[in-house]
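What follows is a set of notes on a single structure, which appears directly below.
Small disclaimer: the values here were computed from a predicted structure and weren't measured. Numbering of ligands and ligand atoms starts at 1, following listing order.
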Amino acid sequence: MSETFYGSDFEALAAFDPDIAGVLTGELGRLRGGLQLIASENFSSPEVLTALGSTLSNKYAEGYPGRRYYGGCAEVDVAEELAIERCKALFGADHANVQPHSGASANQAVYGAFLKPGETILAMSLPHGGHLTHGTKVSFSGKWFDAVHYGVDKETEDVDYDEVERLAREHRPKVILAGGSAIPRTIDFARFRAIADEVGAIFWVDAAHFIGLVAGKAIPSPVPYADVVSFTTHKVLRGPRSGAIVCTEEHRAAIDKAVFPMMQGGPQMHTIAAKAVNFKECATPEYAEYARQVVANAAVLAETLGEHGIRPTTGGTDTHLSLHDLQGVLVTGADAEARCDAAGITLNKNAIPFDPQKPNIASGIRVGTPCVTTQGMGEDEMRRVAALIARAVVDGDADPEHAVSREVRGAVTELVDAFPAYPRPARG
Ligand SMILES: *Cc1c(COP(=O)(O)O)cnc(C)c1O
């Protein structure tokens with residue numbers, strides 16, 4: 001490189017602040033040292049991380065490209081225009097707003113664009129797989145808006161579309177919201193669109209979890225059906241920790257005004273540049289192959305866990321995640337999480353539909369394949385991972401020194417050494 005690049009001088013940071021340098025290396029060691037099965041996490045590329053660690057973080061750029069409230073925005077305008085154009089092309093959308101700081105911020109803006117306080121939204125309930133920002137009482141969304149919730153069908157354990165239709169007719173919501181954080185199956189967007197049209201509602205999809213699979217064309221896209229789609233950029237998509245919104249031309253002005261100035265101040269231009277890099281990555285054949293493999297891996301992981309007595313809800317998955325009922329092996333979600341943690345496997349306890357346990361105990365676990373697939377693992381490795389999870393959950397212990405914890409941890413180490421996250425030597 002002909003020019004010093006400021007933003008990735010680890011030696012200088014380590015010399016000045018060994019405490020924080022130690023956290024950075026410790027976290028990298030944690031990522032490399034175990035199996036990361038949290039369905040909402042991924043490992044973004046060194047290129048994305050480089051854009052994040054850049055001097056673009058310094059720039060104030062309130063407003064939008066070409067219409068800023070600050071001078072000196074020529075360079076960052078290029079980054080935001082590229083991010084917008086790449087995002088629109090990736091999803092075939094009329095309009096993209098790439099400024100939301102996170103998934104929750106993107107959702108806040110959608111509420112701001114379409115609803116006044118007290119108006120009604122129809123969304124998936126949290127205990128059945130929705131999200132905090134979909135009208136729960138502890139969130140702004142439940143405090144300021146009137147939220148009506150649908151759930152899953154008791155038999156299929158998948159979205160109860162008849163209930164969506166019934167509640168839409170009864171409550172006439174201003175907005176109908178599809179999506180959530182623990183929905184293993186693809187969503188019938190056409191059915192939602194028809195229900196929204198019948199009652200004159202805006203149809204909003206929160207695609208935070210699965211948008212990466214849409215980008216890689218591994219599952220159907222909500223974009224042709226929805227008025228507005230909000231999402232995070234750091235889950236399967238594999239970009240920086242952030243959010244974005246795409247919408248039809250009709251809603252362009254409402255969305256842009258709701259993101260800024262209604263909900264946010266200055267955009268994070270380093271993160272927007274990193275989103276641009278990520279959108280470019282997502283348009284490659286390699287990324288499409290990655291998305292396809294994420295889904296194939298999730299299907300095998302879910303099926304094999306089922307063979308070990310850890311039943312997948314809905315009978316499996318179409319996406320990157322599965323939700324498992326532990327009642328058959330008589331272990332709680334909290335115990336399963338702790339036992340896996342002691343064995344080098346990071347996953348989360350999760351409520352299952354109609355869960356008899358309290359949410360902080362739960363009867364289920366949620367697992368996802370974005371991270372392990374980024375590491376290069378395939379279906380054979382997923383069978384091995386399922387066996388290790390089952391061993392830890394059924395026979396293991398929360399004590400890392402327990403014989404089963406040690407045994408599983410040894411096997412996990414072998415596996416992650418063969419498929420390293422952030423392989424050495426690191427670039428940059
Ligand atoms: C993760 C997620 C969000 C929130 O994203 P943050 O970046 O954590 O704010 C919103 N909606 C759904 C469905 C999610 O899964």
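Distances shorter than 4.0 angstrom do not occur between any heavy atom of R241 and any atom of ligand 1. In this structure, G180 is part of the shell of residues with a heavy atom less than 4.0 angstrom from ligand 1.
With respect to R169 and E165, a salt bridge is recorded, a charged nitrogen being found less than 4.0 Å from a carboxylate O. Note on R185 versus D318: salt bridge recorded, some NZ/NE/NH1/NH2 to OD/OE distance being below 4.0 Å.
For atom 7 (O) of ligand 1, the nearest protein heavy atom is under 4.0 Å away.
Around atom NZ of K280, no more than 12 heavy atoms belonging to other residues, nucleotides or ligands sit under 6.0 Å away.
With ligand atoms numbered from 1 in the order given, ligand 1 contributes 5 (O), 7 (O) to contacts under 4.0 Å with heavy atoms of T232. In the vicinity of H234, heavy-atom distances shorter than 4.0 Å reach the ligand 1 atoms 7 (O). Taking every heavy atom of G103 and a limit of under 4.0 angstrom, the matching atoms of ligand 1 come to 4 (C), 5 (O), 6 (P), 7 (O), 9 (O). Counting the atoms of ligand 1 from 1 in the order shown, those under 4.0 Å from a heavy atom of K235 are 1 (C), 2 (C), 3 (C), 14 (C), 15 (O). Of all atoms in ligand 1, listed by their number and element, those nearer than 4.0 Å to a heavy atom of A208 are 2 (C), 11 (N), 12 (C), 13 (C), 14 (C), 15 (O). Here is the list of ligand 1 atoms found below 4.0 Å of a heavy atom in S102: 7 (O), 9 (O). Near N107, meaning under 4.0 Å from any of its heavy atoms, are these atoms of ligand 1: 10 (C), 11 (N).
Judged by the 6.0 Å and 45° rule, K174 forms no cation-pi pair with F114.
Remark: ligand 1 and T133 share no N or O pair separated by less than 3.5 Å (distance only, no angle test).
Of the protein's non-hydrogen atoms, the one nearest atom 11 (N) of ligand 1 is D206 OD2, 2.6 Å. For atom 3 (C) of ligand 1, the closest non-hydrogen atom of the protein is H131 NE2, 3.2 Å.
No side-chain N or O of H95 forms a donor-acceptor pair with one of H251 less than 3.5 Å apart.
Taking the six-membered ring for Trp and thresholds of 30 and 60 degrees, Y111 and W204 have ring planes more than 60 degrees apart, a perpendicular arrangement. Taking the six-membered ring where tryptophan is involved, the planes of F189 and F203 are tilted, since the angle between them lies from 30° to 60°.
With a 4.0 Å cut-off on non-hydrogen atoms, A104 touches ligand 1 through its backbone as well as its side chain.
Tested against R238 for a side-chain hydrogen bond (donor to acceptor under 3.5 Å, both in side chains), the candidates T233, T374, T373 yield a single pass: T374.
Scanning both residues, L301 and V385, for their nearest heavy atoms gives CD1-CG1, 3.9 Å.
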